[in-house]
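Below, chain A is the first sequence line, B the second, and so on; all start at residue 1. Every heavy atom of this structure was used, including side-chain atoms; hydrogens, water molecules and symmetry mates were not.
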Amino acid sequence: MSDRKNPYPFEQFEPKWQAIWDKEKTFKVSNPGEPGFDASKKKCYILDMFPYPSGAGLHVGHPEGYTATDIVSRYRRMNGYNVLHPMGWDSFGLPAEQYAIKTGQHPAITTQANIDNFRRQLKMLGFSYDWDREIATTDPRYVKWTQWIFLRLYNSYYDTEQQKARPVSELEARGWSREQIDAVRLAYVADGMVNWSPDMGTVLANEEAEEWKSKGFTVERRKLRQWMLRITAYAERLIDDLEPLDWPESIKMLQRNWIGKSRGAEVNFTCGEHTITVYTTRPDTLYGATYMVLSPEHELVPAITTPEQKEAVDAYRKACAAKSDLERTDLAKEKTGCFTGAYATNPVNGKQIPVWIADYVLTGYGTGAIMAVPAHDSRDYEFAEKFGLPIIQVVQPDDPGTPWRDFVGYNGTMVNSEHLNGLSVTEAKAKMIAWLEEKHYGAGKVNYKLRDWLFSRQRYWGEPFPVLWDNETGHHCALPETELPLLQPEMEDFKPSGDPRGPLVKATGWIHYSDRYTRETNTMPQWAGSCWYYLRYLDPTNDNAFVGKEAEAYWMGGNGKPGGVDLYVGGTEHAVLHLLYARFWHKVLYDYGLVSTPEPFNKLVNQGLILGEDGQKMSKSRGNVVNPDDIVREYGADSIRLYEMFMGPLKEVKPWATKGVEGISRFLARVWRVAMTETQEGTWALSGKVTDEDNGEVTPVRKELHKTIKKVTEDIESMSFNTAISKMMECTNAMTAATKVCLTDYVTLLHLLNPFAPHITEELYSLLQAQYPALPAGGLCTQTWPAFNPEYLVENMREIVVQVNGKLRDKVQLPVDADRETAEAAALAAPKVQDFIAGKTIRKVVVVPGRLVNIVAG
RNA sequence: GCCGACUUGGCGGAAUUGGUAGACGCGCUCGACUCAAAAUCGAGUUCGAAAGAGUGUGGGUUCGAGUCCCACAGUCGGUACCA
């Protein structure tokens, strides 16, 4: 504690009000059918991205988004909504486990301690969460339903006719074999090249690998058998349904790019007795294909390689396999490759073209094979130049200055392409696809960059897969739902051992389910819990369903409007991970009618990053991290809340400035001192400046107040909190300057400020209530949001700007309803204007009524 | 490389449909109160002595451009051989 006396006694009343809200459950909201539910009110679901409870506690980025949603939540409540505003913990995850391993403590213990600390910090900031709905993804009652949803995925396939998930039992009924069914499940097992981190002893999703690499962990490619989720089945819907969402355009763009839809064609080339299928987005350039490239891992490589080339090909494939992901991408500037000795036939002209292998062709995308058109593809061009392969022009750029070599644009005309000659690229593309389909050489095809989601981890601190393996048949099957939740076994040693099956294999008693069945030892990634947490808040204690029907329909239902979460605020870092995964899971649940809307989050807002005082990203190593605990101790919770909203627009990146918090603290102190004065003894008492005498006069303060009501209301709606605060500052300054302030005016200002700074406003209101019993009972936060009186905003006279040749020269006062002639005459008569137009001819006079007059003279 | 966002005083940032650039706050300067300081209150603060010039740079549209159009530069974020 500093020895400086606080400018207002927040250290006394902030904890007091927090205790009151806690005890009275002020912000508890009931579900339909529960006592206290008010069906006459509209619903509003305002959601924060729940935190991962790390050992470091809150950083200043958390209160930024959380204050924004808290302001909107409190504002909506005062406007008569049933507001669902919950908080919980994304408490599974690698950091907790890494920390547990380091300290030798069980992750359950450290996680619980971290949650307790996070909860303390959030309560210290006065957020209006309904704490009765608190959830943690590690809670067995939550794990049960995460596993239940997984089993739903496991027991589903994607019906491409109906475009939705259906139960695999349908396929059984149609006589599908066990193997056939396993091959189409939405949760399936596959061998594949995966990102394996030896440091952490686990595999990682493509989406995560980079993040961990940047934290200094090694990640390498390794062929392992893993659980996958078939998110690719939803690629089309994940793109299409993005369109109507009220999300930042940049986030939609990131998701679209990540899904990476492209249209083109698959074309069959014959190569001896084999057929090699390539995928191309430029079938129009088929006549320019001068060679073909397979990925080194392509299954036909051994079959087509000639004996003379076998040694070289094997060596090249071996070299590629040894390369890490990093080498394959970062050093990829220089193209490498190897001729297989084989030739393929180009179906359009029967030409024989050499077949190469090169690692610039990826196994996982398209068919893992391409036709190379070096004239019109930069990568093929580079490769052809290096290995001396022929380059044939088939597109002539429309812009005469552009050379045709390495021309990859679409604004060109076909040449050297027989029946395509003279067509535009776009026309030729369509014509070639039709031609290929007619001749059965290929077909139009849509491709996605999105890969299936690698869903298993070899870690202890995650949900175990509710899956059993049959020791006799080697098949997997679902654990009966009645046995959920399946929790991890108690283990002394849960360190990764390097065994790709994960640490759970060491729990020999646990994995032995019966003589016939063995448990799956993989666990789910942290994303599993965060994929559906927003649904659990709706009905957090339901043990019969992941969410009750009625609760889901009420809080997520649209009633004609889009529905879903009404406002979701969080950082951009989840643009393609959590926000894509959650949409995927939601769609599966939607296909089964288990949720009401096709999309979970109707409106998304990204708060901007808060940088350190030095303008750099906050980090321990830079030593520029600001701890909310310290700020609250020095300046109070209201000050940090208000400051973070005042720094600038919510969405922008902005640097922290502790001096700015001081300024905000001074503002709150001014609000305090409008009503309060310090006594001889150094305590605070009502000053008498705020008085219930009111003759109904529309004073300048009252006018300012009503302008403020209008501005703050509009600004909260548009989430422009910084300008709302500056307007309240102006209003407060007007009240400070006045000798007397009407009680109702002052209380109205407290209403406006309450969502931003709930503690000080409640305290002042309760002090005034004690003095003036006529004031409505109860806290400000339960009262109605003020409305402005439009009559108070009407001005009789208005200042009109007078310009000469576009430059401001004078101002004149005119009645608001002055006509053009009056305005023009007044402008021309203005003394300073006279000086500037002296000796000049007036060519034109532009009058914008109520704003300005511009005199054009020369 | 590609995609996206951004660029306004010493600093964070304000500016309806194009119509007074710099609201509000920080910092700074001066003053009041005080033995003194802190706190508080008041005045001033884009640059320039002035004419004037000013919203990243260069052009354009317009009576009038921070705002619209074209070109370029810089900063930040995403992505990275996706055929």
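The side chain of A:Lys659 contributes an N or O atom lying less than 4.0 Å from OP1 or OP2 of B:G27. Put simply, A:Asn722 has no side-chain N or O that comes within less than 4.0 Å of OP1 or OP2 on B:G12. The shortest distance between the side-chain N/O atoms of A:Ser250 and the OP1/OP2 oxygens of B:C3 is not below 4.0 Å. In this structure, A:Asn606 does not reach the B:G77 phosphate: none of its side-chain N or O atoms is under 4.0 Å from OP1 or OP2. For A:Arg670 and B:G25, the shortest distance from a side-chain N or O to OP1 or OP2 is below 4.0 Å. Not one side-chain nitrogen or oxygen of A:Lys654 sits closer than 4.0 Å to the OP1 or OP2 atom of B:G12.
Listed candidates were B:C63, B:U20, B:A83. Nearest to the side chain of A:Val361 is B:A83. Considering only side-chain atoms of A:Arg673, the nucleotide from B:C41, B:A14, B:A83 that sits closest is B:C41. Here the nucleotide nearest the side chain of A:Pro655, chosen from B:A83, B:U20, B:G13, is B:G13.
The partner of B:G31 is B:C41, by the rule that a Watson-Crick or G-U pair needs both atom distances under 3.5 Å. Of the nucleotides present, none pairs with B:A14 by Watson-Crick or G-U wobble criteria with both distances under 3.5 Å. The partner of B:C76 is B:G4, judged by Watson-Crick or G-U wobble contacts that both fall below 3.5 Å.
B:U7 sits 9 Å from B:U55 when the C1' atoms are compared, rounded to a whole Å. Separating the P atom of B:A21 from that of B:A53 is a span of 13 Å, rounded to the nearest Å.
Atom pair A:Arg820:CZ and B:C63:P shows a separation of 15 Å (rounding to whole Å applied). Atom pair A:Tyr360:OH and B:A83:P shows a separation of 13 Å (rounding to whole Å applied). In this structure, A:Met729 places its CE atom 15 Å from P of B:G13, rounding to the nearest Å. Here B:A38 presents its P atom at 13 Å from CZ of A:Arg666, a figure rounded to the nearest Å. Distance A:Glu573 CD to B:G78 C1': 13 Å, rounded to the nearest Å. Residue A:Glu249 contributes atom CD, which lies 16 Å from atom P of B:C3 at whole-angstrom precision.
Both tests do not hold together for A:Arg451 against A:Tyr365: distance to the six-membered ring centre under 6.0 Å, angle to the ring axis within 45°. With a 6.0 Å cutoff to the six-membered ring centre and a 45° limit on the axis angle, A:Lys335 counts as a cation-pi contact of A:Tyr360.
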Exercise. What do the steps show when you test A:Phe756 against A:Val712 for side chain to side chain contact (heavy atoms under 4.5 Å, CB included), and what is the final call?
Worked result: CA-CA 11 Å; A:Phe756 298 79; A:Val712 172; 4.2 Å; yes
Problem set entry | From CA spacing to verdict: ring pair (Phe, Tyr, Trp, His ring centres under 6.0 Å), A:Phe383, A:Tyr291 | CA-CA 10 Å; A:Phe383 192 82; A:Tyr291 64 101; 5.6 Å; yes
For this session: List the steps, then state whether side chain to side chain donor-acceptor pair (under 3.5 Å) holds for A:Asn447 with A:Ser262.
Result: CA-CA 5 Å; A:Asn447 242 312; A:Ser262 68; 5.5 Å; no
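In terms of position along RNA chain B, the nucleotide closest to A:Tyr643 lies nearer the 5' end than the nucleotide closest to the other residue of the pair A:Tyr643 and A:Met371. Residue A:Glu799 is the one, among A:Asn854 and A:Glu799, whose nearest nucleotide of RNA chain B lies closer to the 5' end (criterion: closest heavy atom).
Checked by distance alone, A:Gln803 brings no side-chain donor or acceptor within 3.5 Å of a matching partner on the base of B:U20. The base of B:U20 is not paired with the side chain of A:Arg809 by any donor and acceptor separated by under 3.5 Å. With hydrogens and angles left out, the side chain of A:Lys335 and the base of B:C81 share a donor-acceptor pair within 3.5 Å.
Glycosidic conformation of B:G58: anti, with the torsion beyond 90° of 0.
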